Participant: 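Mind having a look at this structure? Questions to follow.
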Amino acid sequence: MRRRSVLFASTILPLARSAGAASGAPGGPAVLELFTSQGCSSCPPADALLGELAQRPDTIALAWHVDYWNYLGWKDPYANRSWTERQKDYARRLKGEVFTPAMVVNGAAMVVGSDRHAVAQAMRDTPVPTAATLRRTATGLEARVGAWPDGTGAMLMFYDPESATSVAAGENGGRRLKEYRIVRDAQEVRLSVGTNEMPAPPAGRGAVLLIRNADGRIVAAADLPPDRSVS
């Protein structure tokens, strides 16, 4: 685990427990958000774990590549300053620390992303989001959601299902890294209860819809894999 002490100086957040663990509807997918970087030598095991967990039908996995490792000789081609800001926002909300690899589970707990036991425990201990629906239409995407509390916001993300990169420099110099569910675009969207029309992802990319409450916890989520019929 690697920390950047210039960002937040505090201890790692213990696993979050919620008396409302049943507040999410049963059957919703767990949402795993991994904050990672190709410039971090501790991150490849977490990337591999995310790829493994992404195969589970009860899990939505996303990898956000942060940019604060780029100064060590290798610029991560997927790094984005906005993704770093997202991690910093989680750290503020969860009273945690900005580090890699960090896994945020259901927007409610932050643990070391390569620690299989800690990730599994957080998945058990945090509220399960409600399942939303996301499907393709002739003109784009259609999302269907139920009621949600005041102050809730929604974000639509497009992701690459997997990618391999030969890293030429930095802490992972000389390695070929395989990474999964890499977020390439994210945008806030306005939703209403019922059916909502949204833009379609580019060819070869999947889509995830996340709905968060005012505390940043995920209350509903949907995942739509890439359309394999499109070459």
Side-chain angles (χ1 to χ4, degrees), residues 1-7 12 30-57 59-88 90-91 97-105 110-120 155-187 200-208 210 223-231:
M1 176 181 64
R2 306 296 294 275
R3 297 181 176 84
R4 305 255 68 66
S5 59
V6 297
L7 296 178
I12 296 176
V31 177
L32 306 180
E33 298 181 71
L34 176 65
F35 293 89
T36 184
S37 171
Q38 291 181 357
C40 164
S41 61
S42 301
C43 286
D47 297 326
L49 179 59
L50 187 78
E52 175 188 330
L53 295 174
Q55 303 303 311
R56 293 172 42 160
T59 301
I60 294 176
L62 294 168
W64 303 88
H65 285 235
V66 296
D67 69 347
Y68 50 83
W69 283 97
N70 285 352
Y71 75 97
L72 289 178
W74 178 255
K75 185 176 180 179
D76 187 330
Y78 303 117
N80 189 308
R81 176 59 56 88
S82 294
W83 306 169
T84 298
E85 293 303 316
R86 183 177 182 85
Q87 184 182 18
K88 290 166 68 175
Y90 270 132
E97 182 179 2
V98 173
F99 65 93
T100 55
M103 189 87 79
V104 175
V105 181
M110 184 187 297
V111 299
V112 177
S114 56
D115 188 332
R116 181 183 296 270
H117 173 75
V119 172
M155 179 174 282
L156 178 67
M157 286 138 287
F158 299 148
Y159 64 87
D160 288 342
E162 64 179 68
S163 180
T165 304
S166 294
V167 177
E171 290 194 355
N172 289 311
R175 300 182 64 179
R176 185 167 175 81
L177 303 182
K178 193 167 185 180
E179 297 157 312
Y180 305 89
R181 310 275 298 194
I182 305 163
V183 178
R184 303 304 305 279
D185 181 67
Q187 54 190 292
R205 290 183 181 168
V208 165
L210 296 184
D223 183 16
L224 188 66
D227 185 354
R228 299 300 183 185
S229 67
V230 177
S231 59

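Being a predicted model, the structure only gives us computed values, none of them experimental. Computation of the quantities below employed the complete heavy-atom set of this structure, encompassing side-chain atoms and omitting hydrogens, waters and symmetry-equivalent molecules.
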Participant: Tell me the closest heavy-atom pair linking E171 and G39, and the distance in Å.
Facilitator: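 That closest heavy-atom pairing would be CB-O, 3.5 Å.
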Participant: Any donor-acceptor pair under 3.5 Å linking the side chain of Q87 with the backbone of L34?
Facilitator: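 Absent.
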Participant: Identify which one of L156, L224, I60, V183 satisfies the side chain to side chain contact (heavy atoms under 4.5 Å, CB included) criterion when paired with V208.
Facilitator: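 The option that passes is I60.
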Participant: Which atoms form the tightest heavy-atom contact between R175 and S41, and what is the distance?
Facilitator: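 Heavy atoms only, the tightest pair is NH1-O, 4.3 Å.
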Participant: Once side-chain contact (heavy atoms from CB on, under 4.5 Å) is applied, do any residues pair with P202, and if so which ones, sequence neighbours excluded?
Facilitator: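 By the side-chain contact (heavy atoms from CB on, under 4.5 Å) rule, P202 matches F158, R205.
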Participant: State, with a plain yes or no, whether a side-chain heavy atom of W69 is found less than 4.5 Å away from one of T100.
Facilitator: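 Side-chain contact under 4.5 Å: yes.
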Participant: Taking only residues two or more places apart in sequence or in another chain, which ones pass side-chain hydrogen bond (donor to acceptor under 3.5 Å, both in side chains) with D67?
Facilitator: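 For D67, the residues satisfying side-chain hydrogen bond (donor to acceptor under 3.5 Å, both in side chains) (neighbours in sequence not counted) are R81, T84.
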Participant: Mind listing the closest non-hydrogen atom pair of C43 and C40 along with its distance?
Facilitator: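 Shortest heavy-atom contact: SG-SG, 2.9 Å.
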Participant: Any idea which heavy atoms bring L49 and G113 closest together, and the distance?
Facilitator: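 What the structure gives for the nearest pair is CD2-O, 3.4 Å.
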Participant: Over all heavy atoms of both residues, which pair between M103 and L50 is shortest? Give the atoms and the distance, please.
Facilitator: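 For M103 versus L50, the nearest heavy atoms are SD-CD1, 4.0 Å.
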Participant: Run the ring pair (Phe, Tyr, Trp, His ring centres under 6.0 Å) test against W83 and tell me which residues pass, sequence neighbours left out.
Facilitator: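 Listed in chain order: W64.
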Participant: Taking atom types as modelled, is there a side-chain donor on E179 or T36 under 3.5 Å from an acceptor on the other?
Facilitator: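 There is no such pair between these side chains.
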Participant: Taking side chain as C-beta onward, heavy atoms only, is D223 less than 4.5 Å from Y159?
Facilitator: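 The answer is yes, as the side chains (C-beta and beyond) meet within the 4.5 Å cut-off.
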Participant: Tell me every residue that passes salt bridge (Lys or Arg N to Asp or Glu O under 4.0 Å) with D115, counting only those two or more places apart in sequence or in another chain.
Facilitator: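 None.
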Participant: Say whether, by atom type as modelled, one donor and one acceptor occur between the side chain of N70 and the main chain of D76 under 3.5 angstrom.
Facilitator: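 Judged by distance alone, yes, a pair lies under 3.5 Å.
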Participant: Nearest 0.5 Å please: distance from the CG atom of L177 over to the CH2 atom of W74.
Facilitator: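 Answer for the CG-CH2 pair, L177 versus W74, is 9.0 Å.
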Participant: Under the salt bridge (charged side-chain N to carboxylate O under 4.0 Å, His left out) rule, what pairs show up with a residue in residues 30-48, not counting sequence neighbours?
Facilitator: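 Sorted result for residues 30-48: E33-R86.
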Participant: Using 0.5 Å steps for rounding, measure from the CZ atom of R181 to the CG atom of D160.
Facilitator: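 Separation between the atoms: 11.0 Å.
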Participant: Do L53 and R56 have side-chain heavy atoms sitting under 4.5 Å apart?
Facilitator: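 L53 vs R56: side chains touch.
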Participant: When you compare the side chain of P201 with that of P226, does any pair of heavy atoms fall below 4.5 Å?
Facilitator: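 Answer no - side chains too far apart.
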Participant: Determine, step by step, whether F99 and M110 satisfy the side-chain contact (heavy atoms from CB on, under 4.5 Å) criterion, reporting the C-alpha distance in whole Å, the side-chain angles of both residues, the deciding distance to 0.1 Å, and the verdict.
Facilitator: CA-CA 10 Å; F99 65 93; M110 184 187 297; 3.8 Å; yes
Participant: List for me each residue that meets ring pair (Phe, Tyr, Trp, His ring centres under 6.0 Å) alongside Y78, sequence neighbours excluded, and say none if there are none.
Facilitator: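 Y78: ring pair (Phe, Tyr, Trp, His ring centres under 6.0 Å) contacts with H65.
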Participant: Could you tell me whether the side chain of V105 reaches within less than 4.5 Å of the side chain of L32, counting heavy atoms only?
Facilitator: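 Answer yes - side chains close enough.
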